[in-house]
Asker: 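Below you will find the structure I want to go over with you.
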Amino acid sequence: MTEPTRIFHNPRCSKSRQTLELLREQGVEPEIIRYLETPPTAQILEHILDALGADPRDLMRTKEKEYREQGLDDPELGRNALIRAMVETPKLIERPIVIRGNKVAIGRPPENVLNIL
């Protein structure tokens, strides 16, 4: 039995669409989570960050105006504050993110997800 696969997807994003198409080409029909409508919880973001061995800013779209407007470039902000910002403003989350079991990949480029299949 194969592990379930989830994709945090934004259908307006070309990389997200390409990643979803690539998964389907590999015979994987993932659970599609439109994260702008259904943001991940802080616990899910913690899991993603831990699996990637990443810091919150590694998962953030730092060029978004919301990033600057919310002062998220402040180096004094801790992990919890940055994760809370992503939960409250999901537009800040890099996309797409694919989760398969305990493995996680960011689909930039889309081929990155092949490493976790």
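Everything quoted here is computed from the prediction, not taken from an experiment.
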Asker: Considering residues at least two apart in sequence or located in another chain, which fulfil the salt bridge (Lys or Arg N to Asp or Glu O under 4.0 Å) criterion with Glu31?
Answerer: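 With neighbours one apart ignored, the set is empty.
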Asker: Could you grab the distance from atom CG of Asp73 to atom CE of Met60, nearest 0.5 Å is fine?
Answerer: 10.0 Å
Asker: Within this structure, what is the CG-CG distance for the pair Asn80 and Leu45, rounded to the nearest 0.5 Å?
Answerer: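 If I round to the nearest 0.5 Å, the distance is 11.5 Å.
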Asker: How close do Leu117 and Leu23 get, heavy atom to heavy atom, and via which atoms?
Answerer: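 In terms of heavy atoms, the two residues are closest at CD2-CD2, 3.9 Å.
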Asker: Which heavy atom of Pro39 sits nearest a heavy atom of Val87, and at what distance?
Answerer: CB-O, 3.8 Å
Asker: Please report the closest heavy-atom contact between Tyr67 and Arg57, naming both atoms and the distance.
Answerer: OH-NE, 3.0 Å
Asker: If you look at every heavy atom in Met86 and Leu59, which pair is closest and at what distance?
Answerer: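 Closest heavy-atom pair between Met86 and Leu59: SD-O, 4.1 Å.
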Asker: For a 4.5 angstrom cut-off between non-hydrogen side-chain atoms, does Arg34 reach Asn10?
Answerer: no
Asker: Taking everything shown except Gln43 itself, do over 12 heavy atoms lie less than 6.0 Å from its CD?
Answerer: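 Counting neighbours around CD of Gln43, 12 or fewer heavy atoms of other residues, nucleotides or ligands fall under 6.0 Å, so no.
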Asker: Side chains of Ile97 and Ile48: closer than 4.5 Å at any heavy-atom pair?
Answerer: yes
Asker: Where do Leu82 and Pro56 come nearest, in terms of heavy atoms and distance?
Answerer: CB-CB, 3.6 Å
Asker: Can you tell if the side chain of Ile33 reaches within under 4.5 Å of the side chain of His9, non-hydrogen atoms only?
Answerer: no
Asker: Quick one: do Ile99 and Ile116 end up in the same hydrophobic cluster if we chain Ile, Leu, Val, Met, Phe, Trp and Tyr together by side-chain heavy atoms under 4.5 Å apart?
Answerer: no
Asker: To the nearest 0.5 Å, tell me how far Arg95 CZ sits from Ser16 OG.
Answerer: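 Reported to 0.5 Å precision, the distance equals 7.5 Å.
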Asker: So, Thr5 versus Arg100: side-chain donor-acceptor pair below 3.5 Å or not?
Answerer: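 Note: Thr5 and Arg100 side chains meet the donor-acceptor criterion.
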Asker: Report, as yes or no, whether the 6.0 Å neighbourhood of atom CG on Asn102 holds more than 12 heavy atoms from other residues, nucleotides or ligands.
Answerer: no
Asker: For Arg84, what residues pass the side-chain contact (heavy atoms from CB on, under 4.5 Å) criterion, not counting sequence neighbours?
Answerer: Ala81, Glu88
Asker: Using 0.5 Å steps for rounding, measure from the NZ atom of Lys15 to the CG atom of Leu20.
Answerer: 14.5 Å
Asker: Please find the pair of heavy atoms, one from Ala85 and one from Leu92, that lie closest to each other, and give the distance.
Answerer: O-CD1, 3.9 Å
Asker: Under the rule for salt bridge (Lys or Arg N to Asp or Glu O under 4.0 Å), what residues qualify as partners of Lys91, not counting sequence neighbours?
Answerer: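 Once residues adjacent in sequence are excluded, the partners of Lys91 under the salt bridge (Lys or Arg N to Asp or Glu O under 4.0 Å) criterion are Glu64, Glu66.
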Asker: Decide yes or no for Cys13 and Arg108: does some side-chain heavy atom of the first lie under 4.5 Å from some side-chain heavy atom of the second?
Answerer: yes
Asker: Rounded to the nearest 0.5 Å, how far apart are CZ of Arg6 and OH of Tyr35?
Answerer: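 Reported to 0.5 Å precision, the distance equals 15.5 Å.
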Asker: Answer yes when Lys103 and Asp50 have at least one side-chain N-carboxylate O distance shorter than 4.0 Å, and no when they do not.
Answerer: no
Asker: Rounded to the nearest 0.5 Å, how far does CG of Leu49 lie from CG of Asp58?
Answerer: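 Answer for the CG-CG pair, Asp58 versus Leu49, is 8.0 Å.
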Asker: Quick check on side chain to side chain contact (heavy atoms under 4.5 Å, CB included): which of Ile106, Ile32, Ile44, Val98 does Phe8 satisfy it with?
Answerer: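 With Phe8 as partner, Ile106, Ile32, Ile44, Val98 yield a single side chain to side chain contact (heavy atoms under 4.5 Å, CB included), made by Ile44.
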